[in-house]
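These notes concern the structure reproduced below.
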Amino acid sequence: MRHPNFARGLEDKRAGLPFNYDIEDEYWAYERGRQFALCISSDKPLFINKKLNTQVVLICSRAFDKKILI
């Protein structure tokens, strides 16, 4: 979740942008960010005061546990 491409994927999906095929580094972080955007409401920020939002971390952890995210 801390990888910049995770946040980029999340924000791209929230903005309704198509998949960015120019991602070369950590493609999976970008894809997971896009997937995660479907699991969380758009008003929840990924970071608060430069720290991961604890509510968002909990939601992401549950999504991985339930195999919603890979």
Worksheet item: What's the shortest heavy-atom distance between Leu69 and Cys39, and which atoms?
Response: CD2-SG, 4.2 Å
Response to the item:
dist Arg8:CZ -> Arg34:CZ (nearest 0.5 Å) comes out at 10.5 Å
Practice prompt. Check whether any side-chain heavy atom of Arg32 lies under 4.5 Å from a side-chain heavy atom of Asn5, and answer yes or no.
Written response: no
Practice prompt. For Tyr27, check ring pair (Phe, Tyr, Trp, His ring centres under 6.0 Å) against everything at least two apart and list the hits.
Written response: Phe19
Worksheet entry | Residue pairs fulfilling ring-ring contact (aromatic ring centres under 6.0 Å, His included) with at least one residue in residues 34-66, sequence neighbours excluded | Phe6-Phe36
Response to the item:
d(Ile23 CD1, Asp12 CG) to nearest 0.5 Å is 7.0 Å
Response to the item:
Rounded to the nearest 0.5 angstrom, the CG-CD1 distance for Leu46 and Ile40 is 7.5 Å
Which donor-acceptor pairs under 3.5 Å do the side chains of residues 51-63 make with protein atoms, sequence neighbours left out?
| from | atom 1 | to | atom 2 | distance (Å) |
| --- | --- | --- | --- | --- |
| Asn53 | OD1 | Gln55 | N | 3.0 |
| Asn53 | ND2 | Pro45 | O | 3.0 |
| Gln55 | OE1 | Lys44 | NZ | 3.3 |

Item to complete: Flag the pair Glu11 and Arg14 as a salt bridge only when some basic side-chain nitrogen lies within less than 4.0 angstrom of an acidic carboxylate oxygen.
Response: yes
Worksheet item: Distance from Gln35 atom CD to Lys13 atom NZ, nearest 0.5 Å?
Response: 10.0 Å
